[in-house]
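Keep in mind the model is a prediction, meaning the values are calculated, not measured. Residue numbers run from 1 in the order of the sequence given.
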Amino acid sequence: MSITATELKNNLGKYLLLSATEDILITKNGKVVAKLVNPHQNRVDTAKSLFGILPKDADIEEVRAERLSK
């Protein structure tokens, strides 16, 4: 679900309850600026969704150094 920052501000309680069942993207001027999520979501599902993002020959130290150099 995607809502504006103003909508969130005006109906915060509603969206806090709704965030227990789905992620809520918050937009400002048409761009996503935040994501409201349930802190108790299944972390295993999240981790599984990340598999395959890095190449098999990626070196964690190399990736870290590249990220920090930017």
Side-chain angles (χ1 to χ4, degrees):
M1 167 181 282
S2 181
I3 60 169
T4 65
T6 303
E7 173 68 15
L8 176 67
K9 180 180 168 185
N10 292 335
N11 297 295
L12 180 60
K14 170 185 170 182
Y15 291 109
L16 287 177
L17 290 173
L18 193 56
S19 71
T21 59
E22 64 181 289
D23 292 349
I24 300 172
L25 300 175
I26 299 136
T27 63
K28 189 168 187 175
N29 298 324
K31 296 181 181 181
V32 176
V33 294
K35 183 177 178 182
L36 187 59
V37 298
N38 181 344
H40 305 292
Q41 69 186 6
N42 186 343
R43 303 219 189 276
V44 173
D45 287 341
T46 302
K48 284 182 180 178
S49 72
L50 297 175
F51 286 121
I53 291 177
L54 287 177
K56 292 182 189 250
D57 61 346
D59 176 35
I60 190 70
E61 293 304 321
E62 199 175 296
V63 172
R64 183 177 287 133
E66 180 182 333
R67 180 178 52 115
L68 293 175
S69 70
K70 291 184 179 182

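Residues meeting the side chain to side chain contact (heavy atoms under 4.5 Å, CB included) test with Lys28, sequence neighbours left out: Val33. Here Glu22 pairs with Met1, Leu18 under the side chain to side chain contact (heavy atoms under 4.5 Å, CB included) rule; sequence neighbours left out.
One finds the NZ atom of Lys35 at 12.0 Å from the OG atom of Ser19 (value rounded to the nearest 0.5 Å). To the nearest 0.5 Å, atom CG of residue Asn11 and atom CG of residue Leu16 are 11.0 Å apart.
A donor-acceptor distance shorter than 3.5 angstrom exists from the side chain of Thr27 to the backbone of Ile3, with no hydrogens or angles considered.
Considering only heavy atoms from C-beta on, Thr4 stays 4.5 Å or farther from Ile26 through its side chain.
Residues Tyr15 and Leu36 share a closest heavy-atom pair of O-CD2, 3.8 Å.
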